[in-house]
Amino acid sequence: MYSLSKSERLCSKKLIDELLISKCSFVKYPFRVLFKESSQPNEFPTRIAISVSKKKFKRAVKRNRVKRLTREAFRLNKTEFYNKMVKGQTVDILFIYLDDNLPTYSKTEKAVKSSMQKILTLLSPAS
């Protein structure tokens, strides 16, 4: 349960395009979070993708570090998120990093946790 498998990652171009068109988004600094209920069911309740701008971080090493910190924060806190979700529901989430500076893990984890809480509150009236 503490791993982040391939089926928990959002890789499909079609699903990412659907996510970018959807109106469900908010900002939990340093992330802009886009989410929607998935059109394709999955064995896991959530699929995530992380985007870091090449304009803000020219070096791939820094972009990969931000992605790694975000994935790790999600991975360690996803069990609590999964337990609170409605059974049979699949959500696609895209984290877009907005800041110009490299984050610390604590700042990243705090933003990811609060984002997951907000997603739960925004999805509960719809279901």
Side-chain angles (χ1 to χ4, degrees):
M1 192 64 178
Y2 282 108
S3 65
L4 193 67
S5 66
K6 175 73 172 174
S7 55
E8 286 180 283
R9 298 181 189 202
L10 190 59
C11 300
S12 167
K13 181 161 173 35
K14 179 185 167 195
L15 289 175
I16 292 172
D17 289 341
E18 283 179 16
L19 192 57
L20 290 171
I21 292 169
S22 78
K23 304 281 188 232
C24 301
S25 70
F26 58 89
V27 174
K28 279 287 185 194
Y29 202 76
F31 294 105
R32 179 168 185 244
V33 182
L34 291 105
F35 70 97
K36 75 179 272 311
E37 204 166 329
S38 183
S39 58
Q40 296 178 1
N42 190 20
E43 61 183 287
F44 291 99
T46 306
R47 283 184 288 234
I48 68 163
I50 303 158
S51 175
V52 181
S53 174
K54 207 181 227 184
K55 249 185 190 178
K56 298 192 190 279
F57 296 107
K58 302 289 187 216
R59 304 275 176 182
V61 172
K62 291 182 178 182
R63 289 194 305 274
N64 291 341
R65 171 132 178 102
V66 174
K67 291 180 200 175
R68 195 176 311 116
L69 288 173
T70 308
R71 271 195 311 267
E72 185 68 4
F74 180 79
R75 183 184 73 81
L76 291 175
N77 296 296
K78 71 179 180 179
T79 52
E80 167 185 336
F81 181 66
Y82 286 178
N83 291 336
K84 292 180 182 175
M85 283 189 66
V86 176
K87 298 288 183 217
Q89 184 180 37
T90 304
V91 178
D92 295 335
I93 305 172
L94 173 63
F95 291 98
I96 301 173
Y97 191 74
L98 301 173
D99 200 4
D100 292 335
N101 303 319
L102 280 174
T104 60
Y105 176 74
S106 59
K107 184 178 176 182
T108 306
E109 184 179 34
K110 185 178 175 185
V112 169
K113 272 183 160 180
S114 59
S115 296
M116 291 191 300
Q117 284 299 115
K118 186 156 185 174
I119 289 170
L120 284 171
T121 58
L122 291 172
L123 283 177
S124 61
S127 57

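Computed from heavy atoms alone, side chains included, the values below leave out hydrogens, waters and symmetry copies.
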Out of curiosity, does Ile93 fall in the hydrophobic cluster containing Phe44 (side-chain heavy atoms, cut-off under 4.5 Å, transitive links)?
yes
Gap between atom OG1 of Thr108 and atom CZ of Arg65 - 0.5 Å precision:
8.5 Å
Of all heavy-atom pairs between Ser115 and Val33, which one has the smallest distance, and what is that distance?
OG-CG2, 3.6 Å
Atom CZ of Arg32 with >12 non-hydrogen neighbours under 6.0 angstrom:
no
List the steps, then state whether side-chain contact (heavy atoms from CB on, under 4.5 Å) holds for Thr46 with Tyr82.
CA-CA 8 Å; Thr46 306; Tyr82 286 178; 3.4 Å; yes
Derivation of the side-chain contact (heavy atoms from CB on, under 4.5 Å) call for Glu80 and Met116:
CA-CA 10 Å; Glu80 167 185 336; Met116 291 191 300; over 6 Å; no
If I take atom CZ from residue Phe95 and atom CG from residue Leu10, how far apart are they, to the nearest 0.5 angstrom?
11.5 Å
Measure the spacing between CG of Leu98 and OG of Ser51 and express it to the nearest 0.5 Å.
9.5 Å
Once you round to the nearest 0.5 Å, how far does NZ of Lys84 lie from OG1 of Thr121?
10.5 Å
Per side-chain hydrogen bond (donor to acceptor under 3.5 Å, both in side chains), Glu8 is matched among Lys78, Arg75, Arg47 by Lys78
Measuring from Leu123:CG to Phe35:CZ, what's the distance to the nearest 0.5 Å?
5.0 Å
Are Leu15 and Leu4 in one and the same hydrophobic cluster, where Ile, Leu, Val, Met, Phe, Trp and Tyr link if side-chain heavy atoms are under 4.5 Å apart?
no
Report, as yes or no, whether the 6.0 Å neighbourhood of atom NZ on Lys62 holds more than 12 heavy atoms from other residues, nucleotides or ligands.
no
Just checking, Lys118 and Phe26: is the charged tip under 6.0 Å from the six-membered ring centre and within 45° of the axis?
yes
Criterion side-chain contact (heavy atoms from CB on, under 4.5 Å) on Ile50 and Phe74, from CA distance to verdict:
CA-CA 11 Å; Ile50 303 158; Phe74 180 79; over 6 Å; no
I'd like to know if Met85 and Ile48 are part of one continuous hydrophobic network [Ile/Leu/Val/Met/Phe/Trp/Tyr, side-chain heavy atoms within less than 4.5 Å].
yes
Tell me whether Arg63 contacts the main-chain N or O of Val52 through its side chain, where contact means a donor paired with an acceptor under 3.5 Å.
no
Under a 4.0 Å N-O cut-off, is there an ion pair linking Lys36 with Asp92?
no
Looking only at side chains, do Ser7 and Ser5 share a donor and an acceptor under 3.5 Å apart?
yes
Rounded to the nearest 0.5 Å, what separates atom CG in Leu94 from atom SG in Cys24?
13.0 Å
Among Ile21, Leu19, Ile16, side-chain contact (heavy atoms from CB on, under 4.5 Å) partner for Leu34
Leu19
Any side-chain heavy-atom pair from Thr90 and Gln40 closer than 4.5 angstrom?
no
Please answer whether the main-chain N or O of Asp99 pairs with a side-chain N or O of Lys56 as donor and acceptor at a distance below 3.5 Å.
no
State plainly whether one hydrophobic cluster holds both Val27 and Tyr97, where clusters connect Ile, Leu, Val, Met, Phe, Trp and Tyr through side-chain heavy atoms under 4.5 angstrom apart.
no
